[in-house]
Amino acid sequence: RLPVDSRPAATAQSTGPAGGAVNVPVAYRAPARGILTAEVDDPSGFAYDNRRFLLLDATGRPEVLIVGDSVNQSGFYATRVLQSGGADAGVEVQTRTAAAFGGMSPEDLSQQSVVILLSTRNLDRRGREGLANFVRQGGGLVIAASPDVDASIVATTLAWKDFSAVEQAPGGAVLAATDLRHPIFRPFGALAANLGQVRFTRSWKVRPDGWEVAARMTDGSPALLERREGTGGVVLFASDIDRRWNDFPLNAAFVPFVIEAVRHAAAL
């Protein structure tokens with residue numbers, strides 16, 4: 001089966017020898033954007049290792065807008081990563097306070113591929129409506145939990161009746177990638193092991209209803225989640241990226257994490 005963005009696109013049947021390999025041609029032309037998944041449906045075989053992912057527009061360079069708080073210099077680390085990512089990953093990054101975000105016109109906002117939400121302080125009604133329309137019309141949204149992000153405002157903005165997030169101390173739990181084949185973690189290589197070295201002091205405990213969980217803390221709580229919203233997509237990290245609730249920005253894995261999270265949100 002070849003779903004694109006979790007929607008069925010093409011299928012083919014084949015029979016192969018036990019312990020052997022077989023090529024399975026599929027008459028299908030993939031689109032230029034989205035996430036293509038190759039799934040093997042083998043009811044009598046093992047249930048594991050039967051999926052592979054392909055980010056169809058992995059070489060794209062999305063325009064990124066960081067919405068933060070000027071007092072706390074929100075987005076400092078993320079901005080440095082995105083601006084210094086090289087020819088394939090570097091992007092033109094803009095920053096706005098949550099209050100100033102509401103003054104952006106729909107035309108200006110539509111030029112962005114991804115919005116990184118690091119603060120909801122003084123995010124007015126116009127800003128909330130603009131953000132919701134941006135995502136539902138195909139934009140990507142990355143949300144990082146922090147003292148400046150009010151979970152109830154996020155839920156109200158996107159009309160998520162099923163969304164619940166409570167601030168908590170992780171109690172020694174560390175980050176673990178649930179599936180290293182996921183588009184965000186696939187480029188990590190050996191750096192994936194570094195995720196377990198990140199020290200967390202606070203995080204959100206998120207109810208996963210309506211979400212796909214890409215990574216968890218070692219206590220089982222969701223750490224990285226994603227969901228479709230209209231024709232856009234949302235990636236939620238349950239801790240912050242400004243070195244206030246963790247030391248993630250000082251870890252080598254932070255660079256590919258930010259770059260791939262932005263790419264993935266743009267492709268969802």
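Fair warning: this is a prediction, and the values are worked out from it, not measured in the lab.
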Just how far is it from atom CG of D41 to atom CZ of R1, taken to the nearest 0.5 Å?
4.5 Å

Hey, what's the ring geometry for F257 with F185, parallel, tilted or perpendicular (30° and 60° as the breaks)?
tilted

Not counting sequence neighbours, which residues clear salt bridge (Lys or Arg N to Asp or Glu O under 4.0 Å) with R227? List them please.
D162

Flag side-chain contact, heavy atom, 4.5 Å: V142 against V114:
yes

For atom CD of Q168, decide whether the heavy atoms of other residues, nucleotides or ligands shown that lie under 6.0 angstrom number more than 12.
yes

What class does the angle between the rings of W204 and F163 fall in, given that below 30° is parallel, 30 to 60° is tilted and above 60° is perpendicular?
perpendicular

List the steps, then state whether side-chain hydrogen bond (donor to acceptor under 3.5 Å, both in side chains) holds for D219 with S221.
CA-CA 6 Å; D219 64 0; S221 61; 2.8 Å; yes

May I have the list of side-chain donor-acceptor pairs in residues 169-177 shorter than 3.5 Å, sequence neighbours left out?
none

Set of salt bridge (Lys or Arg N to Asp or Glu O under 4.0 Å) partners for R96, sequence neighbours left out
none

Donor on one side chain, acceptor on other, H182 and E226, under 3.5 Å
yes

Within a strict 4.5 Å, meaning less than it, do heavy atoms of the Y28 and V4 side chains meet?
yes

Which residues share a salt bridge (Lys or Arg N to Asp or Glu O under 4.0 Å) with R243, sequence neighbours left out:
none

Backbone of G75 reached by a side-chain donor or acceptor of D242 within 3.5 Å:
yes

Any pair with a residue in residues 229-238 that passes side-chain hydrogen bond (donor to acceptor under 3.5 Å, both in side chains), sequence neighbours left out, goes on the list, sorted by first then second residue, please.
R136-E229, W160-E229

Can you list every pair that meets side-chain hydrogen bond (donor to acceptor under 3.5 Å, both in side chains) and has a residue in residues 10-27, with sequence neighbours left out?
none

Ion pair present between E129 and R126, side-chain N to carboxylate O less than 4.0 angstrom?
no

Is it true that R207 and D209 make a salt bridge, defined as a side-chain N closer than 4.0 Å to a carboxylate O?
yes

